[in-house]
Amino acid sequence: MLRKNNFKLFACMGLTIILLVSILTTNVFAATFATSPATTEEKPFETYTYWDGLGSTAKTKAYCKPMYEPKTVIDATVLGTALFGSIDDVCTSDGYTYILDSNSSKVYVLDENYTLKTEINNIVYKGESLSIKGASGILVKNEKIYIADTKNARILVMDISGNVIHYLTLPKSKLIPSDFKYAPQKIAIDSRDYLYISSDGSYYGALVYSPDMEFLGFYGANTVAVSVGDALKNFITKIFSTDEKRAASVRALPYQFTDFVVGPNDFIYTVTSASGTNVAKGQVKRLNPGGKDVLGKEDYNFADESNRLIQSESLKAIDVDGDGFFYVLESGVYNRIFWYDEECNLLCVFGGAGGVQGQKGTVSLGGAITVNGTDVIVSDPVNKNITVYSITNYGKTVRETQLDTLKDNFEDTVESWNDVIKADVNNQLAYRGLAKAYYTMGDYDKAIEYSKLGADRETYANSFVKLRTAFLEKYFTIGILIMALVVAVALWLLHLKKKKGIVLLRNEKVKNMLSSVFHPFEAFRLVKEKNMGSAVLATVLLALFYIVTAVSDVASGYAFNRFDASSYNSFFVLLRTVALVLLFVISNWLVCVLMGGIGKLKEIYIVTCYSLIPTIVATATGILLSHVLSPDEFVFVTIFQTICTAYTFIILAVGIMKVHDYEFGKFLGTTAVTVIAMLIIVFLIFLVFMLAQQVYGWIGTVFTELKYR
């Protein structure tokens, strides 16, 4: 029989183990997975990228070698013309750059070398000169210039001499709502010459015109995300509210496009922001001809990982090149440019503010963005100039190699990706590209190596399956013989045990603990009536529960591991395991004492810890199998773990009913009150902690005042 002194000894040992594991899992694994930042060749702005897949829900910022550098800054002085009245928009076509100056009612045309070729300073319609003051958008295609004349509520289509060919105002159509305000801002044209117009304040999507300038309807409207709670709230409101209340209620309207552009294969790329709302995900969409988003990035933040309010920093403009690489311009304090490939892999972030005012390569406020070949042009309406960024040799190598990777030309990219890594060890795309290349080439060991370096768990899992299959094929016969031998030895030992009456477990309390899994009613009856429970064994189980949970977080198979050394804290694991169990035990004892329960604190502790056995086994099984199975094969383990978790609650329910001598109905009632008591205790602990902080601060303030007086 275990004595009280033994209980204290084992309890201390259990707590010591928990603390040691807590320290080791934080320090050792942090040292294992921590990464060090690399240096970067700085321009007037810092260039960086984001790594994903490292375990954290947020992307991890990493400095990178510059892929773009400022080429030139163009203003009226450089062009040798009169001062710009404004720079409202900029676009490119066939190597030429077009600058819209609405205040001066001019369009400036620059050639391939960004020198002034001509000015369109007289826009004529039916013999009358038109003012385009207040216009905000320009687009050029097939030597036709399209201007979104926002203030005058019209679209002007003219030739390169300024003669207006089409004059489009608000269409007369039943599809147009009666309260629709027409204020065209941006224009896009697809390969079939269908015209798309976004209007300020329009939540219906873009207006669509046929090549014959016939209005066809609306296209690609954003939708409002509605949760289950919102749906129930709206349903109840419709039932119980009056017409007057419903009329006075605020509608949740979808966000409008801030910019859009037609990309390869007539997919339309849109960028969305909202004023006064923190919109941090799914800002960019790629719409197919049917108006459906096919980008599949509704939960992805295309901007920086921060909590800046959208009105101070938002995505303003977008453009895409012929290979599907798209550039998104941020407008506000930072004014950065985010460069993505067609699969939304971030290549780098460049540009921005933060330098000396007027410094080459920085802008005061991002206005519009356009791509001219591989050059990127950004307008600055505050300083009334445009900045041209040219791709560096390193950026060109990354772009061309990533394009080959996207086209599945993996074998051709090995040498280039190795050159990229030599130039910049922070390039995640290079590691992932090499992993895919070696996987295609059949070198699965190197594929696994680079998959880990690039946090590419998909390629890792595929390579792991290939290596596992090859291993099983090589050692299949030996494995079968070993398994047969193990089974034969096990059967022989069982026969020997039965024949000679060998007892493996002599300790009755250990036997009762194990039997609680298969015979909980009888086992917990013995705990209550025969004192067959052991607090020491319960503490050991609680320590095991913490240990397997912590190990599962940090030591699962790589394909399943989302461990992030920078944010991991084993103390929080202690709170959601050991502290949660103790909180339940204390709360249940306090509640049941008041509600006729006869269970002792020790008994509640024992049955609660005994009920953890299925969860401990399931977690340990998951850890082991995560090193053997691929994610696609792990579904059965997940089902097994779910069943074990449910069985844990069943065993706990049986134990609580037995030690308190409750019926099932009373058990449900006391359990509900127990949960409420747990919340109250947590609140009180938090309140005491806050008060203690305030008292400590007050004492420190008083001590400081007395010290200096």
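- Side-chain contact check for Leu406 versus Glu342: some heavy-atom pair is nearer than 4.5 Å.
- Ring geometry for Trp339 against Tyr68 counts as perpendicular: the plane angle is over 60°, on a 0 to 90° scale with 30° as the lower cut.
- Here Tyr300 and Phe302 bring their ring centres to under 6.0 angstrom of each other.
- Between Phe636 and Phe640, the distance from one ring center to the other does not fall under 6.0 angstrom.
- Separation of atoms CD (Gln283) and CG (Leu315) is listed at 5.0 Å; rounding is to 0.5 Å.
- For residues 630-645, the pairs satisfying salt bridge (charged side-chain N to carboxylate O under 4.0 Å, His left out) are Arg468-Glu633, with sequence neighbours left out.
- Applying the salt bridge (charged side-chain N to carboxylate O under 4.0 Å, His left out) test to every pair with at least one member in residues 552-561, sequence neighbours left out, gives these pairs: Asp553-Arg576.
- A side-chain donor-acceptor contact under 3.5 Å links Thr92 and Thr370.
- The salt bridge (charged side-chain N to carboxylate O under 4.0 Å, His left out) analysis of residues 439-467, with sequence neighbours excluded, yields the pairs Lys436-Asp456.
- Taking the side chain as every heavy atom from C-beta outward, Val328 and Val284 approach each other to under 4.5 Å.
- Phe634 pairs by the ring pair (Phe, Tyr, Trp, His ring centres under 6.0 Å) definition with Phe560, not counting sequence neighbours.
- Residues passing the side chain to side chain contact (heavy atoms under 4.5 Å, CB included) test with Cys91 are Tyr98, Ile138, Val140, sequence neighbours excluded.
- Inter-residue side-chain proximity for Phe260 and Lys186 is flagged as met; some heavy-atom pair is nearer than 4.5 Å.
- Tyr196 is linked by a ring pair (Phe, Tyr, Trp, His ring centres under 6.0 Å) to Tyr219, counting only residues two or more places apart in sequence or in another chain.
- A 4.5 Å side-chain heavy-atom check between Leu287 and Lys292 finds every atom pair outside the cut-off.
- Side-chain contact check for Gln402 and Asp341: at least one donor-acceptor pair (N or O, by modelled atom type) lies under 3.5 Å.
- In this structure Asn265 satisfies the side chain to side chain contact (heavy atoms under 4.5 Å, CB included) test together with Phe267, sequence neighbours excluded.
- For Tyr209, the ring pair (Phe, Tyr, Trp, His ring centres under 6.0 Å) partners are Phe215, not counting sequence neighbours.
- Considering only residues two or more places apart in sequence or on other chains, Ala430 meets the side chain to side chain contact (heavy atoms under 4.5 Å, CB included) condition with Trp417, Val420, Ile421, Asn427.
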Name the atoms and distances for all side-chain donor-acceptor pairs under 3.5 Å in residues 373-380, with sequence neighbours left out.
| from | atom 1 | to | atom 2 | distance (Å) |
| --- | --- | --- | --- | --- |
| Asp375 | OD2 | Lys71 | NZ | 3.3 |
| Asp375 | OD2 | Tyr114 | OH | 2.9 |
| Ser379 | OG | Ala368 | N | 2.8 |
| Asp380 | OD1 | Leu365 | N | 3.4 |
| Asp380 | OD1 | Val382 | N | 3.1 |
| Asp380 | OD1 | Asn383 | N | 3.3 |
| Asp380 | OD2 | Ser364 | N | 2.8 |
| Asp380 | OD2 | Asn383 | ND2 | 2.8 |

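- No side-chain heavy atom of Val349 sits under 4.5 Å from any side-chain heavy atom of Thr47.
- A salt bridge between Asp259 and Lys316 is absent, with no side-chain N of the basic residue lying under 4.0 Å from a carboxylate O of the acidic one.
- For residues 391-416, every residue pair satisfying the salt bridge (charged side-chain N to carboxylate O under 4.0 Å, His left out) rule, not counting sequence neighbours, is listed here: Asp321-Arg399, Asp323-Arg399.
- Shown here are the ring pair (Phe, Tyr, Trp, His ring centres under 6.0 Å) partners of Phe326, two or more places apart in sequence or in another chain: Tyr269, Tyr340.
- In this structure, Tyr438 and Tyr444 have side chains that are not in contact, with every pair of non-hydrogen atoms separated by 4.5 Å or more.
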Show your working on side chain to side chain contact (heavy atoms under 4.5 Å, CB included) between Ile337 and Phe45 and close with a plain yes or no.
CA-CA 11 Å; Ile337 302 162; Phe45 43 81; over 6 Å; no
